[in-house]
Amino acid sequence: MGTGLHAPILDWYAENARDLPWRRTDASPWAILVSEIMLQQTPVVRVLPIWAEWMERWPTPAALAAEPPGEAVRHWGRLGYPRRALNLHACARAITTEYEGQVPSTYDELRKLPGIGDYTAAAVASFAFGHSHAVLDTNVRRVLARAVRGEEYPPKATTTPERKLAESLLPALDAPRWGVAVMELGALVCTARAPRCADCPVAAACAWRLAGRPAYEGPERRGQTYAGTDRQCRGRLLAVLRDAHGAVPKAALDAVWADAVQRERALDGLVTDGLAEVLAEGTYRLPS
DNA sequence: GACGCGTGGTT
DNA sequence: TAACCAAGCGT
């Protein structure tokens with residue numbers, strides 16, 4: 001099942017792929033690794049400028065490893081999930097000390113680095129080193145759910161059947177190209193909200209479309225509100241630390257969030273997570 | 001397996 | 001306009 005998907009999707013990709021800098025043939029493994037971490041839960045258009053700045057500033061793992069972790073957090077800007085900046089910094093140091101500055105090439109080695117889970121390890125092994133892995137991101141899972149399983153959305157968490165299906169579809173030749181092509185189809189055509197089936201190269205074979213695009217019937221997908229959460233509070237506090245070069249008096253942090261109990265909890269959380277550092281006299285800064 | 005973790009554009 | 005969504009990970 002589904003082997004008929006390959007040629008249409010690969011042909012579509014050849015015509016419609018975006019020219020993203022981390023896909024160019026001269027992109028280094030480090031450049032690809034940085035892009036993959038930045039792209040976790042983050043749209044391409046927001047990643048592009050930050051990635052470019054990082055590549056200019058820190059073109060190698062050793063360059064980033066030579067900086068204090070707080071500089072990675074500072075130059076993360078407002079990308080979101082700033083622990084990823086800390087993870088990338090820790091990756092850079094591990095790569096420098098344990099791999100002589102060269103990004104490791106195997107899934108198992110990559111998987112052990114901080115912030116690199118199943119998806120990112122498979123993506124880097126595949127896209128940077130040409131290895132054959134099933135790259136199961138949200139786009140690929142959605143495309144396969146629709147085209148093969150006939151359902152609007154994949155399960156909340158990746159299942160064994162999904163993995164088996166993705167592995168069964170891996171082509172003998174050029175698995176990396178296949179992976180990025182399916183991802184791109186999900187990103188540009190087989191989108192979550194309003195899929196453009198009229199532009200889809202596999203519309204004629206898509207189980208979901210042939211079934212009349214039945215609505216999702218799985219469990220309710222909860223979306224938590226952001227306003228007033230610890231998350232928002234942490235973001236406010238970290239923005240103050242990021243934008244101030246050097247020590248920040250606690251009063252400056254108190255000023256950006258009214259609820260003292262929540263504010264203290266969030267600040268403690270940032271310190272616990274290594275995103276902030278307590279200095280003497282109740283001042284704070286990014287980690288050194 | 002469910003939850004916490006940022007941010008901003010889109011509908 | 002509140003909710004959804006965007007190349008997930010760690011606990």
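Naming: A, B, ... by sequence-line order, numbering from 1 per chain. Note that the coordinates shown come from a computational prediction; the quantities given were computed from them, not determined experimentally.
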Looking only at side-chain N and O atoms, does [X] come under 4.0 Å of OP1 or OP2 in [N]?
X	N	answer
A:R84	C:dG8	no
A:Y226	B:dT7	yes
A:R142	C:dA6	yes

Original post:
With respect to the side chain of A:Y153, which nucleotide from B:dC5, C:dC5, B:dG6 is positioned closest?
Top reply: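 Among B:dC5, C:dC5, B:dG6, the one nearest the side chain of A:Y153 is C:dC5.
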
In whole angstrom, what separates [X]'s [atom1] from [N]'s [atom2]?
X	N	atom1	atom2	answer
A:R141	C:dA7	CZ	P	12 Å
A:W76	B:dG6	CH2	C1'	11 Å
A:Y81	B:dC3	OH	P	14 Å
A:L237	B:dT7	CG	P	10 Å
A:K156	B:dG4	NZ	C1'	14 Å
A:I50	C:dA7	CD1	C1'	17 Å
A:L270	B:dG6	CG	C1'	11 Å
A:R236	B:dC5	CZ	P	15 Å

**OP:** Over all heavy atoms of both residues, which pair between A:P155 and A:R149 is shortest? Give the atoms and the distance, please.
**Re:**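 Distance-wise, the nearest heavy atoms are CD-NH1, 3.6 Å.
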
Original post:
Looking at residues 36-45 of chain A, who's got a heavy atom less than 4.0 Å off DNA chain B?
Top reply: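 A:Q41, A:T42 - these, ordered by number, are the residues of the stretch whose heavy atoms sit under 4.0 Å from the strand.
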
Original post:
Heavy-atom contacts under 4.0 Å between residues 21-34 of chain A and DNA chain B, which residues?
Top reply: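 Going residue by residue through residues 21-34 of chain A, none turns out to have a heavy atom under 4.0 Å of DNA chain B.
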
Original post:
Do A:Q232 and A:T229 meet the criterion of a side-chain donor-acceptor pair at a distance under 3.5 Å?
Top reply: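 The criterion, which ignores hydrogens and geometry beyond distance, is not satisfied for A:T229 and A:Q232.
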
Taking only the [atom1] atom of each, what is the distance from [N] to [M] in whole angstrom?
N	M	atom1	value
B:dA2	C:dA7	C1'	23 Å
B:dG1	C:dG8	C1'	15 Å
B:dC3	C:dC4	P	15 Å

Subject >> Remaining members of the apolar cluster that contains A:V256, side-chain heavy atoms under 4.5 Å >> reply: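 Besides A:V256, the cluster holds A:V73, A:L86, A:L237, A:L238, A:V240, A:L241, A:V248, A:L253, A:L267, A:L270, A:V271, A:L275, A:V278, A:Y284, A:L286.
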
Original post:
Is A:W208 isolated, or which residues cluster with it under the ILVMFWY side-chain rule of less than 4.5 Å, directly or via members?
Top reply: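 Direct or chained contacts put A:W208 with none.
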
Subject >> Pairs involving residues 179-201 of chain A, ordered by first then second residue, that meet side chain to side chain donor-acceptor pair (under 3.5 Å) (sequence neighbours left out) >> reply: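 The answer is A:R18-A:E184, A:R23-A:E184, A:R196-A:D199.
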
Subject >> salt bridge (charged side-chain N to carboxylate O under 4.0 Å, His left out) assessment of A:R146 paired with A:E151 >> reply: CA-CA 5 Å; A:R146 289 175 180 169; A:E151 295 179 3; over 6 Å; no

Subject >> Residues in contact with DNA chain C, drawn from residues 257-267 of chain A - heavy-atom cutoff 4.0 Å >> reply: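 Those residues whose heavy atoms fall under 4.0 Å from DNA chain C, taken from residues 257-267 of chain A, amount to none.
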
**OP:** Name every residue in residues 185-199 of chain A that has at least one heavy atom under 4.0 Å from any atom of DNA chain C, in order of residue number, or write none if there are no such residues.
**Re:**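 Of all residues in residues 185-199 of chain A, the ones placing a heavy atom under 4.0 Å from DNA chain C are A:A187, A:A192, A:R193.
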
Original post:
Can you find a donor-acceptor N/O pair under 3.5 angstrom joining the side chain of A:R46 to the base of B:dT7?
Top reply: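 Yes, the side chain and the base share a sub-3.5 Å donor-acceptor pair.
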
Subject >> Side-chain donor/acceptor contact of A:R231 with base of B:dG6 under 3.5 Å >> reply: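 Result: at least one qualifying N/O pair found.
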
**OP:** Apply side-chain contact (heavy atoms from CB on, under 4.5 Å) to A:Q102 and list each qualifying residue two or more places apart in sequence or on a separate chain.
**Re:**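 For A:Q102, no residue satisfies side-chain contact (heavy atoms from CB on, under 4.5 Å) once neighbours in sequence are set aside.
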
**OP:** Under the side-chain contact (heavy atoms from CB on, under 4.5 Å) rule, collect the residues that match up with A:S28, sequence neighbours excluded.
**Re:**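 A:S28: side-chain contact (heavy atoms from CB on, under 4.5 Å) contacts with A:W30, A:A31.
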
Could you tell me whether [X] contacts a base, only the sugar-phosphate backbone, or nothing, with contacts defined as non-hydrogen atoms closer than 4.0 Å?
X	value
A:R78	sugar-phosphate
A:L79	base
A:S35	nothing
A:L275	nothing
A:D118	sugar-phosphate

Original post:
Is it true that A:R234 and A:D273 have a side-chain N and a carboxylate O under 4.0 angstrom from each other?
Top reply: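 Looking at A:D273 together with A:R234, the answer is yes, because their closest N to O distance falls below 4.0 Å.
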
Original post:
Is A:K250 paired with A:E264 through a side-chain N to carboxylate O contact shorter than 4.0 Å?
Top reply: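 Salt bridge flag = yes for A:K250 with A:E264.
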
Original post:
Do A:W54 and A:H75 have ring centroids that are under 6.0 Å from one another?
Top reply: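 No.
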
Please output the side-chain donor-acceptor pairs of residues 115-131 of chain A that fall under 3.5 Å, not counting sequence neighbours, one pair per line with the distance.
from	atom 1	to	atom 2	distance (Å)
A:D118	OD1	A:Y107	OH	2.7
A:D118	OD2	A:R163	NH2	2.9
A:Y119	OH	A:E36	OE1	2.7
A:T120	OG1	A:Q40	NE2	2.9
A:S126	OG	A:H131	O	3.4
A:H131	ND1	A:S105	O	3.2

**OP:** Map A:R18 and A:R111 onto DNA chain C by nearest heavy atom, then report which one ends up closer to the 5' terminus.
**Re:**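 Result: A:R18.
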
Subject >> Side-chain (A:R142) to main-chain (A:Y153) donor-acceptor, under 3.5 angstrom >> reply: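 It does not hold such a pair.
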
**OP:** For A:T158 and for A:P82, find the nucleotide of DNA chain B with the closest heavy atom, then tell me which residue's nucleotide is more 5'.
**Re:**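 It is A:T158 whose nearest nucleotide is closer to the 5' end.
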
Original post:
salt bridge (charged side-chain N to carboxylate O under 4.0 Å, His left out): which pairs involve residues 80-106 of chain A, sequence neighbours left out?
Top reply: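 For residues 80-106 of chain A, and leaving out neighbouring residues, there are no salt bridge (charged side-chain N to carboxylate O under 4.0 Å, His left out) pairs at all.
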
Original post:
What pairs of residues pass the salt bridge (charged side-chain N to carboxylate O under 4.0 Å, His left out) test when at least one of them lies in residues 170-183 of chain A, not counting sequence neighbours?
Top reply: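 Qualifying pairs, neighbours excluded: none.
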
Original post:
Checking side-chain contact (heavy atoms from CB on, under 4.5 Å) against A:M38, which of A:L33, A:V47, A:V44, A:L48 comes through?
Top reply: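 One option only clears the test, and that one is A:V47.
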
